[in-house]
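Here, residue 1 is the first one in the sequence, and each next residue gets the next number.
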Amino acid sequence: MSLKPRNSSKDDHSMLWWISILAIGISLSVYILMEKQAEIDITAERTRLLFPLIGITIAGLCFICGISKKWFSRR
């Protein structure tokens, strides 16, 4: 049984899309799960508000890198 080389192109950015989906999902789930604790503790509330910011930042960077081919490619 011989191994075949994977056909990967330079323009395949599917991993960036998965990273952005995971970043949004994890940050929103942590935001929702910390709701009860944030009602009691003010520092937990500040930390809770930080998670969506981080998730949106990571997803935005992945989005920009994912569509950068369209901006910087030669036609």
Side-chain angles (χ1 to χ4, degrees):
M1 185 178 221
S2 64
L3 296 175
K4 296 179 181 177
R6 289 171 54 178
N7 293 335
S8 63
S9 72
K10 293 180 182 178
D11 302 331
D12 186 25
H13 298 292
S14 61
M15 183 61 85
L16 290 174
W17 302 118
W18 281 112
I19 290 172
S20 65
I21 290 170
L22 284 174
I24 293 287
I26 290 171
S27 66
L28 286 179
S29 63
V30 170
Y31 179 78
I32 291 169
L33 291 173
M34 287 185 70
E35 183 177 6
K36 290 284 185 188
Q37 186 180 5
E39 291 175 358
I40 299 169
D41 191 10
I42 191 74
T43 58
E45 182 179 355
R46 290 180 183 163
T47 306
R48 179 181 179 229
L49 292 174
L50 190 64
F51 278 102
L53 175 69
I54 293 170
I56 290 171
T57 303
I58 292 172
L61 287 173
C62 289
F63 179 75
I64 289 170
C65 291
I67 64 171
S68 66
K69 177 194 156 219
K70 294 178 183 176
W71 292 346
F72 300 113
S73 66
R74 292 185 178 192
R75 296 184 191 242

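- Pairs passing the ring-ring contact (aromatic ring centres under 6.0 Å, His included) check and including a residue from residues 36-55, sequence neighbours excluded, do not occur.
- Ile54 pairs by the side chain to side chain contact (heavy atoms under 4.5 Å, CB included) definition with Leu50, Ile58, not counting sequence neighbours.
- Counting only residues at least two apart or on different chains, the side chain to side chain donor-acceptor pair (under 3.5 Å) pairs with a member in residues 32-47 are Asp41-Thr43.
- Ser68 and Cys65 get closest at one heavy-atom pair: OG-O, 2.9 Å.
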Under 3.5 Å, which donor-acceptor pairs do the side chains of residues 16-29 form with other protein atoms, sequence neighbours left out?
unit_1: Trp17; atom_1: NE1; unit_2: His13; atom_2: O; d: 3.4
unit_1: Ser20; atom_1: OG; unit_2: Leu16; atom_2: O; d: 3.4
unit_1: Ser20; atom_1: OG; unit_2: Trp17; atom_2: O; d: 2.7
unit_1: Ser27; atom_1: OG; unit_2: Ala23; atom_2: O; d: 3.0
unit_1: Ser27; atom_1: OG; unit_2: Ile24; atom_2: O; d: 3.1
unit_1: Ser29; atom_1: OG; unit_2: Gly25; atom_2: O; d: 3.1
unit_1: Ser29; atom_1: OG; unit_2: Ile26; atom_2: O; d: 2.9

